[in-house]
Amino acid sequence: MEITVNHGNEFVVALKGRLDTVTSVEFQDRLQKETIKESMVVVEAKDLEYISSAGLRALLSLKKSLSSQGKELEIHNLNAVCTEVFKVTGFNNILTVK
Amino acid sequence: MKISIRTKIVALGALISVLTSGAALLLTNFLYRNNGINNVLKSVDNWLSNLDDDYRSDVYGEEYRGQVEATYNYIRGIYDLDPDDPTFTDFKSKKSHFKEKYNWCYPIEGISMHYQTDEERTFRAAYSELIYGLKDAQIATSATNVTVFFIDNDRNRIVYLGDESSYTANIGIEYDLPGSYVENVTARPFLDGQYYNFNFTGADLRGIAVGSTADPDAKIAYIMIQYHFQQVFDNANQLIKNEAITLSITSVVMVAMFFILAHFLVTKNVTKLNKTSKEFTNSLIKNETLDVKDPKIKSNDEISDLSNSFTQMEREIINYVSIVKEETQNRERMNAELAVASKIQLESLPNPNYSDKNVKLNSFIKTAKEVGGDFYDYFYINENQLVITICDVSGKGIPAALFMMKGKELIKSNIKSEIDLQSAIFKANNNLIKNNDENLFITAFIAVIDFEKNTITYVNAGHEKPYILSKGKVIKLEGTSNFVLGGDDNFKFVSESKAFNKGDRIFLFTDGLNEAINEKEEEFSYSRVEEVLKNSINESNEEIISNMNKAQNDFVKTQEVFDDVTMLIVSNGNDRLTLNFDNKDYSSIEKIVDTFNDNFSFIGDQEKSEVGIIIDEVVNNIISYSGVDELVYSVDFEINKNELVITFKDNGVEFNPLNNNKKYLENYHDKIELGGFGVSLVKNLSSKQKYEYIERHNVLKVYKKI
């Protein structure tokens, strides 16, 4: 799992690899270190191989935390597997997927 | 610090010069200063005593007794005048006059012609003769002064009568008699007569007493010979100095000559030799064309011997350098050829990695030299039977490589033509022995894997024992160890068979692995091989080889590996993989996914990702909610035609995850900790799921089309 962050107009978190039981912990730890001033956070999922329920929980936690600060979360460029996962779990209705 | 021989010789010369001069000075000083003064005096005495008799008689008191007596009488007469006696007014007035002027002196000039009486004239003549006599005596003895005086014992005074130069000197001058005068009878006389030592002026004075004509014992006056010995000492000192300086100069000159001679005889040649050897070494270092440089030393000594040895050495070096150059070129050509040979040799081996529906095979070979003696091989003899071999040829380099090629082809051709493994190896062995003058041999492990019967039949010809990895266990394949190939004619090889089930793996290696040595001379050994295998049991073939390499490198560290290392790992069934765990470590999930991906690399990427999610969800559940302290679980993958069956088995509390029916996340405020969507994901990503609780184990089978 590679996590790359980039501050700017939007705060972009690029994920590469799998977001699963083990790596979702890394993901949450990594984001906790960041001070997010931007009003928009984008998870760039172009290189995300797959996401398991643990990863989904991590995204949901992020969404909750951002919402409470009046910030928005978007997930960009999900692959077929991830799109399927989002669809199956209903996450596509809760998170903004582009 | 470098000090040249020349400097050393100069320094030594200077030191010797200083020491010689110093010693000369000290010795001269010692001889002439201490004993020397006496010697000088003695020599003066000797010289005087050896004087011609004529000269001696000149100074003999008797000779001039008359004159001395006349002078004495005359002067004594005046001396004894009573200044207050009116009878002698004439003399009295004279005396008082001179008393005032000369303090009791009575100079002879004072006796003027017009006062002359007969008495005065007689005195005058006698006095002149006396002075001449004294002069003669002075000349004869080389004395500083010869003086005549009388002694007035009553008044304790010396009264001067004259000396060798005072024709008109201060006659009658009085001196206090300082202390005593001593008649010295033991002193060696240098003039005849009676001798006295006087201590008047601190100088060593000697005098002769002169008696009166009437009474020779009356001792009317003394003639004193006075030497200024200081001058003698000065002369002697000057002599010492001169001698010392001469000695010093001589020694310096000698040392200089020594140095010049040493230079021409020794150092010049050493310098020459040194220069020549430097020139030669420089051209050697700069890789210039070398020619013999002769120091041209003409002397006939050790240095010329050395010079001859040096030129001989130069010739040898020139010769050797040309040989080395040639050898280097040859070696480079040989190395190039060896590189090609090595490439050809490696190309003669089958692909290091191979897989098909029956088998997954991975290998590794590292040769210690350009060409090695290790090889592996595999080939099908029919649809269901695969032959795998791993061999190590004794010896290294080209002969071993050629023997290896021969061995490899003989094994292959015989196995293909013979009915069974035993007879094939028997024939191959006999063929190898023919024309094996080098007495090379091969250790080999040759096995036939039957994918229908799921057996492995093998002959171990003196080779390292392989390991079977089966159901989470590592088993060393013990059994009959036959003699090596190429060793013994008509040797009867014994083959053995073992079960080799789907999902089992066999790990073969050559002794380069287990016999690698670290700096403490310890072997990597079977036990470390076994340990790595146990730790890697759930990892793919590629990972096992990589782990083994890493473990060996960490073990040997900087130690050079002298032997070829070859590893071969073969799985029965590319369609079966079982992984076993006995911990609650979440990182095992990644290991399972990675091993799955490696092992089933032919499966499509999307399917692999979906399997990854399934593994993550199910194993996460097993680890998180097993409800037991000592969790043991396994994950088994099996491909049956176009379907993958994943079997998860664990010893946790009975729990059917499929009973959770939560399918969708209706609202993100729902409690997400319930783990609901894990199961729904698994269900969605697979075609069928089946849960059973068998023999106190949860068994979940997940079926997925691929």
Side-chain angles (χ1 to χ4, degrees), chain A residues 1-3 15-29 41 43 45-68 71-75 77-97, chain B residues 581 583-594 596-597 603-625 657 660-687 702 704 706:
Chain A
M1 181 71 174
E2 278 179 39
I3 305 167
L15 301 178
K16 189 177 181 184
R18 313 162 191 156
L19 193 57
D20 59 15
T21 306
V22 176
T23 57
S24 60
V25 180
E26 287 172 32
F27 172 74
Q28 282 176 315
D29 287 350
V41 175
V43 172
K46 177 163 60 79
D47 294 318
L48 184 65
E49 276 176 38
Y50 64 75
I51 182 166
S52 75
S53 61
L56 291 174
R57 279 182 202 115
L59 288 181
L60 196 58
S61 299
L62 180 64
K63 162 83 177 169
K64 279 182 176 179
S65 146
L66 290 174
S67 294
S68 67
K71 292 175 181 178
E72 285 183 54
L73 174 66
E74 281 184 5
I75 319 289
N77 301 319
L78 286 170
N79 70 8
V81 177
C82 295
T83 308
E84 178 66 17
V85 170
F86 270 59
K87 215 160 81 185
V88 166
T89 54
F91 266 68
N92 55 346
N93 299 322
I94 290 157
L95 298 174
T96 314
V97 179
Chain B
F581 299 91
N583 57 52
K584 290 182 175 180
D585 192 345
Y586 285 104
S587 68
S588 303
I589 298 174
E590 300 218 277
K591 199 177 276 179
I592 299 167
V593 174
D594 288 340
F596 172 82
N597 286 345
I603 297 177
D605 284 345
Q606 184 167 343
E607 283 78 10
K608 272 193 208 151
S609 291
E610 289 168 0
V611 171
I613 296 172
I614 293 168
I615 294 167
D616 193 68
E617 300 300 350
V618 178
V619 178
N620 188 358
N621 268 339
I622 290 172
I623 294 174
S624 305
Y625 307 114
N660 190 323
N661 287 321
K662 192 179 182 79
K663 208 176 172 189
Y664 292 99
L665 185 73
E666 307 293 350
N667 179 325
Y668 74 80
H669 295 295
D670 284 6
K671 286 194 175 174
I672 53 175
E673 287 76 14
L674 290 174
F677 18 83
V679 175
S680 61
L681 268 178
V682 172
K683 284 180 179 170
N684 268 283
L685 297 172
S686 58
S687 51
V702 179
K704 183 168 174 60
I706 49 168

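All heavy atoms count here, side chains included; hydrogens, waters and symmetry mates do not. In this text, all values refer to a predicted model and were calculated from it rather than measured experimentally. Note on naming: letters A, B, ... go to the chains in the order of the sequence lines (proteins, then strands), and numbering restarts at 1 for each one.
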Bottom line for S609(B): the part with an atom under 4.5 Å from chain A's heavy atoms is both

Please look at E617(B) and chain A and tell me whether the side chain, the backbone, both or neither of the residue comes under 4.5 angstrom of a heavy atom of that chain.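 The side chain, not the backbone.
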
Distance (rounded to the nearest 0.5 Å) between [X] [atom1] and [Y] [atom2]:
X       : Y      : atom1 : atom2 : value
I614(B) : Y50(A) : CD1   : OH    : 10.0 Å
I589(B) : T23(A) : CD1   : OG1   : 10.0 Å
D616(B) : S53(A) : CG    : OG    : 6.5 Å

Counting heavy-atom pairs under 4.5 Å to chain B, which of R18(A), E84(A), E49(A) comes out on top?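 Answer, by heavy-atom pair count under 4.5 Å with chain B: R18(A).
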
Measuring heavy-atom distances to chain B, does I51(A) have an atom under 4.5 Å in its side chain, in its backbone, in both, or in neither? backbone

For E26(A), I'd like to know if atom CD has over 12 heavy atoms of other residues, nucleotides or ligands within 6.0 Å. yes

Quick check on K16(A): does its NZ atom have over 12 non-hydrogen neighbours (other residues, nucleotides or ligands) under 6.0 Å away? no

Any Q606(B) side-chain heavy atom under 4.5 Å of N79(A) side chain: no

With side chains defined as the heavy atoms from C-beta onward, is the minimum distance between V88(A) and K683(B) less than 4.5 Å?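 No, side chains not in contact.
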
Could you work out, with side chain to side chain donor-acceptor pair (under 3.5 Å) as the rule, every residue matching K608(B), not counting sequence neighbours?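 By the side chain to side chain donor-acceptor pair (under 3.5 Å) rule, K608(B) matches no residue at all.
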
My understanding is that only residues two or more places apart in sequence, or in another chain, count here; which of them pass ring-ring contact (aromatic ring centres under 6.0 Å, His included) with Y586(B)?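 Result, ring-ring contact (aromatic ring centres under 6.0 Å, His included) vs Y586(B): none returned.
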
